[in-house]
Amino acid sequence: MEVRAAHHGERDEVLDLLARWYNDREFFARYNHSDPAFRDALCLVARDRDRLVSTVQIFDRAINLDGQSVPMGGIGSVFTLEEYRHKGVASALMRLAVDTMVREGFEVSMLFAERLTFYNQFGWREIERKFSLLANAASLNVPNRFVIDSFAIARDLAEVAAIHRGYSGRFNVTAVRDDAAWRANLKFAGNQPLHPGDGSEEYFVVCRDGGPVAAYARVTRLYGLSIVMEFGYVADAVDAMLATFKCLGEEAAGVPVTSARTGDHRRAALLRSASKPAGPSVLVTHTAHDPTLEKALDGAGCPVAHHTDNYYMWRVLAPDKLARRFATEPDAASARAFEIFADSRSLFWTADRF
């Protein structure tokens, strides 16, 4: 059994293996073909003679930790053929993944998983995080001066990216995006599902206040839920964010949209269940990081309910490097990192999921 990084000529074979998972080869191909940070050294495989039997992929990302851009290795596309499970194959790949991330200079690692105890043995720790349920967004009481427009990349990306830097950039753990990362992210979310077998589009809207973009939101259908997978607003423009949520809430509730709109809004159908298109749908997002927004939502008639899960796992890979960043000892730096990961004010958008 060989356990190693994939060769360039094995890319199609890796995709064929992953296609056995959800019968959705294209879902995995989007990373290999479009992610500017993809490289074969980060695609790990186990080969038994003439076939690949297991794989793990490391996603090259950077996150914000106390105002610094820190290299983060995301673990995803973990799959082993059924007949090779419980034989130590995936464990060998996970040990190689840790060694590879350390060698490649990653300082922390994150993954999403349900098999918590499997990843615990390799150093990942589960962290509780909060999802926000906006059940009454359609009834938000907001000013009527805003216009909801469909996002156009050539026209709106610069403004939206600036809002992302100013808004999301205030919070720990958010992914750092340059222009190439933004364009790749939009391609992933806009043209492909976020999970094998799910819907294949993104509904991206911007909220204009007399012309300039004051807020934006990105929506998809994931696990049968209407997920606002990222949003942002300019300073002191919380009303624009509420107006955006109201429009999305009206679509999700299946009631007439009272918000002023322009552009192409056919993808708003993502807010409704394909099996029950007439049934109301609750908006699910993250708001715990932003108490000002939660207070505004409550005051405008949409109190936020929270749901917690712990399928969110982190690992420190390079405590010495973090110690230099935090000007402290390695053990204290690792403890500080986990304080950040667990803080309700930290934020990793669903739009950055891998």
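- Two residues are said to be in side-chain contact when any heavy atoms from C-beta on lie closer than 4.5 Å; Arg25 and Asp16 meet this criterion.
- A 6.0 Å sphere centred on CG of Asn144 holds no more than 12 heavy atoms belonging to other residues, nucleotides or ligands.
- Evaluation of the salt bridge (charged side-chain N to carboxylate O under 4.0 Å, His left out) test over residues 113-130, restricted to residues two or more places apart or in two chains, returns Arg129-Asp309.
- In this structure, Arg272 contributes its side chain and Glu251 its backbone to a donor-acceptor pair below 3.5 Å.
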Could you list the donor-acceptor pairs under 3.5 angstrom formed by side chains in residues 231-241, with sequence neighbours left out?
residue: Tyr233; atom: OH; partner: Asp290; partner atom: OD2; Å: 2.7

Go through it in stages, so that I can follow the logic: the residues are Phe59 and Ile75, the test is side chain to side chain contact (heavy atoms under 4.5 Å, CB included), and I'd like the CA-CA distance, side-chain angles, deciding distance and then a yes or no. CA-CA 6 Å; Phe59 295 87; Ile75 295 293; over 6 Å; no
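- Between Phe338 and Phe341, the ring center distance clears the sub-6.0 Å criterion.
- The CG atom of Asn172 lies 7.5 Å from the OG1 atom of Thr174; values are rounded to the nearest 0.5 Å.
- Between His164 and Trp349, the gap from one ring centroid to the other reaches at least 6.0 Å.
- Separation of the His306 and Phe131 ring centroids does not fall under the 6.0 Å cut-off.
- Using modelled atom types, one side-chain atom of Lys246 and one backbone atom of Ala138 make a donor-acceptor pair closer than 3.5 Å.
- Shown here are the side chain to side chain contact (heavy atoms under 4.5 Å, CB included) partners of Ser69, two or more places apart in sequence or in another chain: Ala62, Val176.
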Derivation of the side chain to side chain contact (heavy atoms under 4.5 Å, CB included) call for Val98 and Phe106: CA-CA 10 Å; Val98 172; Phe106 295 104; over 6 Å; no
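- Both Phe28 and Val45 are assigned to one and the same hydrophobic cluster, defined by single-linkage of ILVMFWY side chains at heavy-atom distances under 4.5 Å.
- The CG atom of Asn141 sits 9.5 Å away from the CG atom of Leu242 when rounded to the nearest 0.5 Å.
- Not a single side-chain hydrogen bond (donor to acceptor under 3.5 Å, both in side chains) links Arg20 to another residue, sequence neighbours left out.
- Taking CG from Leu17 and CZ from Arg47, the interatomic distance works out to 10.0 Å, rounded to the nearest 0.5 Å.
- Linking Ile, Leu, Val, Met, Phe, Trp and Tyr whenever their side-chain heavy atoms come within less than 4.5 Å puts Val89 and Ile58 in one cluster.
- Here the side chain of Ser109 pairs a donor or acceptor atom with the backbone of Gly73 at under 3.5 angstrom.
- In this structure, Trp21 has its ring center no closer than 6.0 Å to that of Phe27.
- Linking ILVMFWY side-chain heavy atoms closer than 4.5 Å, directly or via other members, places Ile153 and Val213 in a single hydrophobic cluster.
- Heavy-atom contacts from other residues, nucleotides or ligands closer than 6.0 Å to CG of Asp331 number 12 or fewer.
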Go through Val56 and Ser77 one step at a time and tell me if the side chain to side chain contact (heavy atoms under 4.5 Å, CB included) criterion holds. CA-CA 6 Å; Val56 172; Ser77 298; over 6 Å; no
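- Side-chain atoms of Val3 and Leu44, non-hydrogen and from C-beta on, never get closer than 4.5 Å to each other.
- Ring centroid separation for the pair Phe122 and Trp124 does not come in under the 6.0 Å cut-off.
- Distance alone, capped at 3.5 Å, is enough to place a donor-acceptor pair between the Lys87 side chain and the Glu83 backbone.
- In this structure, Phe151 is a member of the same hydrophobic cluster as Ile163, with clusters built from ILVMFWY side-chain heavy atoms closer than 4.5 Å.
- Closest non-hydrogen pair, Ile63 versus Val173, comes out as CG2-O, 3.5 Å.
- Thr350 places none of its side-chain heavy atoms less than 4.5 Å from the side chain of Glu230.
- Sorted by first then second residue, the side chain to side chain donor-acceptor pair (under 3.5 Å) pairs that include residues 94-103, not counting sequence neighbours, number zero.
- In this structure, the separation between NE2 on His289 and OG on Ser346 is 10.5 Å, given to the nearest 0.5 Å.
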Step by step, would you call Thr258 with Glu250 a side-chain hydrogen bond (donor to acceptor under 3.5 Å, both in side chains)? CA-CA 8 Å; Thr258 60; Glu250 289 173 332; 2.5 Å; yes
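- Using a 4.5 Å heavy-atom cutoff, the side chains of Met101 and Met72 are not in contact.
- Nearest heavy atom pair, residue Asn185 against residue Arg177, reads ND2-NE, 3.9 Å.
- Residue Glu10 comes nearest to Leu52 through the heavy atom pair OE2-CD2, 4.1 Å, listed as atom of the first residue, atom of the second, then distance.
- Within the 4.5 Å cutoff, no side-chain heavy atoms of Val205 are placed close to those of Ser150.
- Residues Ser54 and Leu93 come closest through the heavy atom pair OG-CD1, 3.2 Å.
- Atom CZ in Arg261 sits 11.0 Å away from atom CG in Asp149 (nearest 0.5 Å).
- When the salt bridge (charged side-chain N to carboxylate O under 4.0 Å, His left out) test is applied to Glu339, the partners found at least two apart in sequence or on another chain are Arg336.
- Considering all non-hydrogen atoms of both residues, Ile148 and Ala243 come closest at CD1-O, 4.1 Å.
- A cation-pi contact links Arg353 to Phe112, judged by a cut-off of 6.0 Å to the six-membered ring centre and 45° from its axis.
- Between Val257 and Cys247, the closest side-chain pair of non-hydrogen atoms falls below 4.5 Å.
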Working for side-chain hydrogen bond (donor to acceptor under 3.5 Å, both in side chains), residues Glu294 and Thr287: CA-CA 6 Å; Glu294 290 202 330; Thr287 59; 2.7 Å; yes
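- Taken from CG in Asp35 to CG in Leu42, the straight-line distance is 9.5 Å, to the nearest 0.5 Å.
- Side-chain contact check for Tyr216 and Glu159: no donor-acceptor pair (N or O, by modelled atom type) lies under 3.5 Å.
- The shortest non-hydrogen separation linking Thr244 to Ala217 is CG2-CB, 3.7 Å.
- Put simply, the side chain of His265 reaches to within 4.5 Å of the side chain of Tyr203, judged on heavy atoms.
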Please step through side chain to side chain contact (heavy atoms under 4.5 Å, CB included) for the pair Leu15 and Glu26, ending with a clear verdict. CA-CA 8 Å; Leu15 293 176; Glu26 182 56 31; over 6 Å; no
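- Cluster membership check: Leu271 shares its hydrophobic cluster with Leu297, using side-chain heavy-atom separations under 4.5 Å among Ile, Leu, Val, Met, Phe, Trp and Tyr.
- The number of heavy-atom neighbours closer than 6.0 Å to OH of Tyr311, taken from other residues, nucleotides and ligands shown, is 12 or below.
- Within 6.0 Å of CZ on Arg345 lie no more than 12 heavy atoms contributed by other residues, nucleotides or ligands.
- For the pair Phe204 and Val219, the minimum side-chain heavy-atom distance is 4.5 Å or more.
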